[in-house]
Amino acid sequence: MKQALGNLLDQALRRVAGDHARTLRHAGLEQARDSRNGHYASNAAMQLAGKLKRKPVDIAADIVAALPANQLIDRVEIAAPGFINIWLAPGALQSELQWIARRGDAYGCSDFGAKRRVLVEFVSANPTGPLHVGHGRHAAIGDSLARLLEATGHEVWREYYVNDAGRQLSVLGLSVWLRMVERATGVEAFPEGAYRGEYIGNLAGRMADELPVSAEAARKGMAWPDKQAGGNGEADRYLDALIEAARECLGDALFSEIARAAGGWVLEDIREDLEQFGVRFDNWQSERELVAAGKIDECLKRLELEGITYRHEGALWFPAERYGDEKNRVVVRADGRSTYFASDIAYHYAKRKRGADLLLDVLGADHHGYVNRVRAGLEALGEPPSCLEVRLVQFVALLRGGQRVAMSTRGGEFETLRSLREEVGVDAARFFYVSRAGEQHLDFDLDLAKRRSSDNPVYYVQYAHARIASLLGKMADRGLSFSMDESAAHASLLTHRREIDLMLALARLPETVEQAAVQRAPQIVAHYLISLAQAFHGWYNHCKVLDAEPELRSARLGLAQAGGQVLRNGLGLLGVSAPRSM
RNA sequence: GCGCCUGUAGCUCAACGGGAUAGAGCAUCGGCCUUCUAAGCCGGUGGUUGCAGGUUCGAGUCCUGCCAGGCGCGCCA
């Protein structure tokens with residue numbers, strides 16, 4: 001509807017303003033907030049006033065005069081200081097209902113993405129512990145973004161980057177091993193910085209069952225290193241010494257296997273968790289495999305050959321400053337190990353080489369410092385800086401009993417996504433996550449979320465859908481039926497204020513989806529659905545359907561049908577179900 | 001100290017890439033079920049949009065400064 005009106009206005013605008021008309025999006029058109037200002041309103045005249053150096057009111061008058069003849073518009077008014085207010089012709093909105101019926105599940109979709117290939121990377125939590133409620137936010141937002149991009153004609157991959165090559169995996173392996181030692185000897189010697197969540201104990205139990213690690217080996221124990229005193233890195237150094245000791249005691253191969261197995265099991269758990277949450281990835285990219293395939297060396301070699309990187313104090317540096325970053329960065333340490341930064345450049349470069357036009361990363365806000373760096377790396381490798389887009393998601397602050405709770409995987413102090421899912425359900429959790437903009441700090445009040453889960457607006461929206469399903473069921477029970485053709489034939493009877501409001505809301509889905517996709521803002525869909533449900537419930541309470549005269553009943557059934565379709569389509573974009581009964 | 005994000009009703013958040021009288025939910029007060037799901041509808045209370053300037057016909061939205069909170073500024077990952 002908006003598009004059709006926009007085309008009409010555009011024709012008029014081109015006549016009045018020539019090339020200036022092209023600077024306007026959708027001809028400045030939007031649905032009027034207040035019905036006294038028409039169904040749709042455009043601020044085009046005001047936007048053009050500066051460029052044309054004329055009064056907005058005069059421009060508006062010219063635009064209106066230049067409007068081509070059409071079936072859509074009933075009347076147009078100009079309001080100070082230059083709004084063009086448009087009232088739709090009877091039948092214009094009603095015809096949208098047939099369009100909705102015809103497009104079905106595809107209503108709201110468009111092809112404006114022009115098959116642009118977008119690789120969406122999100123969650124990518126380190127496989128060192130179960131997902132917590134913060135990761136849940138990333139999962140919900142990232143997946144909805146992917147759905148929105150798919151709906152707008154992009155080719156989308158969902159990818160999870162698995163950091164399984166770094167020191168953290170050794171720390172995980174160590175943590176598990178120490179719990180095994182603890183079981184066998186009864187001596188507790190758990191160091192600061194090791195993972196202390198309950199799941200570590202479970203992994204230790206499983207490890208003892210499945211790997212050739214005997215209780216004897218554990219009892220024999222290992223040579224405990226001395227705890228060094230002083231210095232900031234004390235805990236980390238001690239941890240490294242412990243890892244060394246464990247390697248000595250178990251043998252390199254066995255220790256690595258423990259670490260790898262633990263990481264694998266954690267990842268397995270994460271994968272299942274996300275699947276239950278309705279999130280499925282096309283690819284789980286292992287960092288270790290990337291290393292094994294030589295991708296990182298390849299990148300580094302190329303940078304070195306082209307004379308971009310340089311040596312300084314034994315390390316290999318990347319001159320990020322040259323590309324606008326605040327300082328230069330190490331890619332290979334003095335001891336020969338490459339940094340996280342190095343594998344990130346290689347990883348993103350590899351994604352480009354796999355054919356992605358756009359790399360869309362959904363990252364935690366703590367990564368913002370690293371965005372310029374990676375972009376610089378891509379640029380140095382000859383990629384356009386614009387091929388990387390990063391959406392930062394702010395932290396979830398967990399509140400329990402009104403108190404802020406620190407969340408740390410290492411400390412084992414966190415609320416898991418799984419427990420949230422089990423307590424409030426996938427639909428409520430996803431809708432809650434996605435109804436706040438990612439760049440907003442989110443206060444997650446656990447007591448509130450769990451106790452008053454029925455206050456979640458998701459139920460308000462789902463209830464509308466259930467009511468429609470029930471209505472159509474009742475229709476069948478009464479031996480009634482209707483066809484879209486018959487309904488369309490009587491659609492002109494839909495003139496009640498509530499019916500106009502509902503039809504206006506329904507017609508807004510396509511523009512809402514496009515806007516949400518362009519702005520990478522799934523919360524726009526969530527808020528749209530609430531206002532759509534509002535329009536529906538208002539209509540439902542004011543307009544009887546089954547007891548209306550047959551012709552009106554038929555028209556209203558068509559409206560209800562369209563309402564159900566749009567609710568389903570919208571909820572689907574958020575990964576939320578549309579129940580037939582509640 | 002420097003950089004990024006944020007500040008809107010008692011609480012949690014909207015406000016459609018500057019638009020018309022800043023809106024929802026929860027909480028609170030009052031009405032509506034002999035008829036399609038009351039997880040609903042209708043109405044009321046509640047705001048100096050952190051503060052101060054500026055740009056504009058028009059600012060919650062853009063710019064500057066201050067205040068407050070979160071995050072970052074490793075040869076950590």
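The structure presented is a predicted model; accordingly, all values stated were derived computationally and were not measured. So that the names make sense, note that chain A is the first sequence line, chain B the second, and so on, each numbered from 1.
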Legend entry - Protein-nucleotide distance (Leu529(A), atom CG; G25(B), atom P), rounded to Å: 15 Å

Legend entry - Donor-acceptor under 3.5 Å (Thr152(A) side chain, Leu148(A) main chain): yes

Inset, instruction - On RNA chain B, check which nucleotide each of Arg167(A) and His441(A) is closest to and give me the residue with the more 5' one. - result: His441(A)

Legend entry - Integer angstrom distance from the C1' of G25(B) to that of C67(B): 30 Å

Inset, instruction - Respond yes when some side-chain nitrogen or oxygen of Arg467(A) is under 4.0 Å from OP1 or OP2 of A38(B), and no when none is. - result: yes

Inset, instruction - For His542(A) and for Ile530(A), locate the closest nucleotide of RNA chain B by heavy-atom distance; then report the residue assigned to the nucleotide nearer the 5' terminus. - result: Ile530(A)

Inset, instruction - Sticking with atom P, work out how far U28(B) lies from C11(B), rounded to a whole angstrom. - result: 16 Å

Inset, instruction - Could you give the distance separating G47(B) and A9(B) at their C1' atoms, to the nearest angstrom? - result: 6 Å

Legend entry - Residues Arg375(A) and Asp325(A) bridged, charged N to O under 4.0 Å: no

Inset, instruction - Specify the separation, in whole Å, of atom NZ of Lys544(A) and atom C1' of C32(B). - result: 11 Å

Inset, instruction - Specify the separation, in whole Å, of atom NE2 of His138(A) and atom C1' of C71(B). - result: 12 Å

Legend entry - Validation row: Leu529(A), Tyr460(A) side chains within 4.5 angstrom (heavy atoms): no

Inset, instruction - Write down the distance separating the C1' atoms in C4(B) and G18(B), rounded off to the nearest Å. - result: 24 Å

Legend entry - Gap in Å between the two C1' atoms, one belonging to G23(B) and one to A15(B), rounded: 7 Å

Inset, instruction - Compare all side-chain heavy atoms of Phe83(A) with those of Ile78(A) and state whether any distance is below 4.5 angstrom. - result: no

Legend entry - Spacing of Leu169(A) atom CG relative to C76(B) atom P, expressed in whole Å: 18 Å

Inset, instruction - Let me know the distance between CG of Asn541(A) and P of U35(B), rounded to the nearest Å. - result: 13 Å

Inset, instruction - Please tell me if the side chains of Phe112(A) and Val518(A) come closer than 4.5 Å, counting only heavy atoms from C-beta onward. - result: yes

Legend entry - His348(A) vs Asp361(A) side-chain heavy atoms within contact, under 4.5 Å: yes

Legend entry - Any side-chain heavy-atom pair of Glu77(A) and Asn37(A) under 4.5 Å: no

Just the table, please: protein N/O against nucleotides 14-21 of chain B N/O, every pair under 3.5 Å.
residue	atom	partner	partner atom	Å
A14(B)	OP1	Ala437(A)	N	3.0
A15(B)	O2'	Arg33(A)	NH2	2.3
C16(B)	O3'	Gln515(A)	NE2	2.9
C16(B)	O2'	Gln515(A)	OE1	2.4
C16(B)	O2'	Gln515(A)	NE2	2.2
G17(B)	OP1	Gln519(A)	NE2	2.2
G17(B)	N7	Arg25(A)	NE	2.6
G17(B)	N7	Arg25(A)	NH1	3.1
G17(B)	N7	Arg25(A)	NH2	3.3
G19(B)	N7	Asn43(A)	ND2	2.9
A20(B)	OP2	Arg33(A)	NH1	2.7
A20(B)	N6	Asn85(A)	OD1	2.7
A20(B)	N1	Asn85(A)	OD1	3.3
A20(B)	N1	Asn85(A)	ND2	3.2
U21(B)	N3	Arg36(A)	NH2	3.3
U21(B)	O4	Arg36(A)	NH1	2.9
U21(B)	O4	Arg36(A)	NH2	2.4

Legend entry - Student check: side-chain heavy atoms of Tyr433(A) and Leu420(A) closer than 4.5 Å: yes

Inset, instruction - With heavy atoms under 4.0 Å as the rule, sort His368(A) into base, sugar-phosphate or nothing. - result: base

Inset, instruction - Identify whether any heavy atom of Asn163(A) sits under 4.0 Å from a base atom; if not, whether one sits that close to sugar-phosphate; answer base, sugar-phosphate or nothing. - result: nothing

Inset, instruction - Answer with base, sugar-phosphate or nothing: what part of the nucleic acid does Leu442(A) contact at a heavy-atom distance below 4.0 Å? - result: sugar-phosphate

Inset, instruction - Taking only the side-chain heavy atoms of Arg478(A) (C-beta and beyond), determine which of G40(B), C5(B), U35(B) contains the nearest atom. - result: U35(B)

Inset, instruction - Answer yes or no: is there a side-chain heavy-atom contact under 4.5 Å between Ile530(A) and Phe431(A)? - result: yes

Legend entry - Residue Lys2(A) excluded, over 12 heavy atoms near NZ under 6.0 Å: yes

Legend entry - Atom-to-atom span, CD of Glu287(A) to P of C76(B) - whole angstrom: 14 Å

Inset, instruction - In whole angstrom, give me the gap between the P atoms of U34(B) and A39(B). - result: 15 Å

Inset, instruction - Classify the nucleic acid contact of Ser531(A) as base, sugar-phosphate or nothing, counting any heavy atom under 4.0 Å across all strands shown. - result: nothing

Legend entry - Spatial distance of atom OH (Tyr347(A)) from atom OG (Ser124(A)) [nearest 0.5 Å]: 6.0 Å

Legend entry - Interatomic distance, Leu48(A) CG vs G58(B) P [rounded to whole Å]: 18 Å

Legend entry - Any Tyr540(A) side-chain N or O less than 4.0 Å from OP1/OP2 of C41(B): no

Legend entry - Arg373(A) side chain near Phe341(A) side chain, heavy-atom distance below 4.5 Å: yes

Legend entry - Test: Arg337(A) and Asp335(A) ion pair at under 4.0 Å: yes

Legend entry - Atom pair distance, as rounded to whole Å: CG in Leu290(A) and P in A77(B): 16 Å

Inset, instruction - With syn defined as a glycosidic angle within 90° of 0 and anti as everything else, classify C33(B). - result: syn

Inset, instruction - Examine U35(B): is either OP1 or OP2 under 4.0 Å from a nitrogen or oxygen in the side chain of Lys474(A)? Give yes or no. - result: no

Would you tabulate the nitrogen or oxygen pairs shorter than 3.5 Å linking the protein to nucleotides 73-75 of chain B?
residue	atom	partner	partner atom	Å
C73(B)	O2'	Lys327(A)	NZ	3.4
G74(B)	OP2	Lys327(A)	NZ	2.7
C75(B)	O3'	Arg333(A)	NE	3.2
C75(B)	O2	Ala334(A)	N	2.9
C75(B)	N4	Glu313(A)	O	3.1

Legend entry - Same-atom distance (C1') from C16(B) to U55(B), integer angstrom: 24 Å

Inset, instruction - Name all stems that contain residues of RNA chain B, defined as runs of 3 or more consecutive Watson-Crick or G-U wobble pairs, both distances under 3.5 Å. - result: B:1-7 with B:67-73, B:10-13 with B:23-26, B:28-32 with B:40-44, B:50-54 with B:62-66

Inset, instruction - Determine the interatomic distance between C1' on U49(B) and the same-named atom on U21(B); round to the nearest Å. - result: 15 Å

Legend entry - Pair Arg391(A) + Glu389(A), salt bridge at N-O below 4.0 Å: yes

Inset, instruction - Would you tell me if any nitrogen or oxygen in the side chain of Tyr161(A) comes within less than 4.0 Å of OP1 or OP2 on A77(B)? - result: no

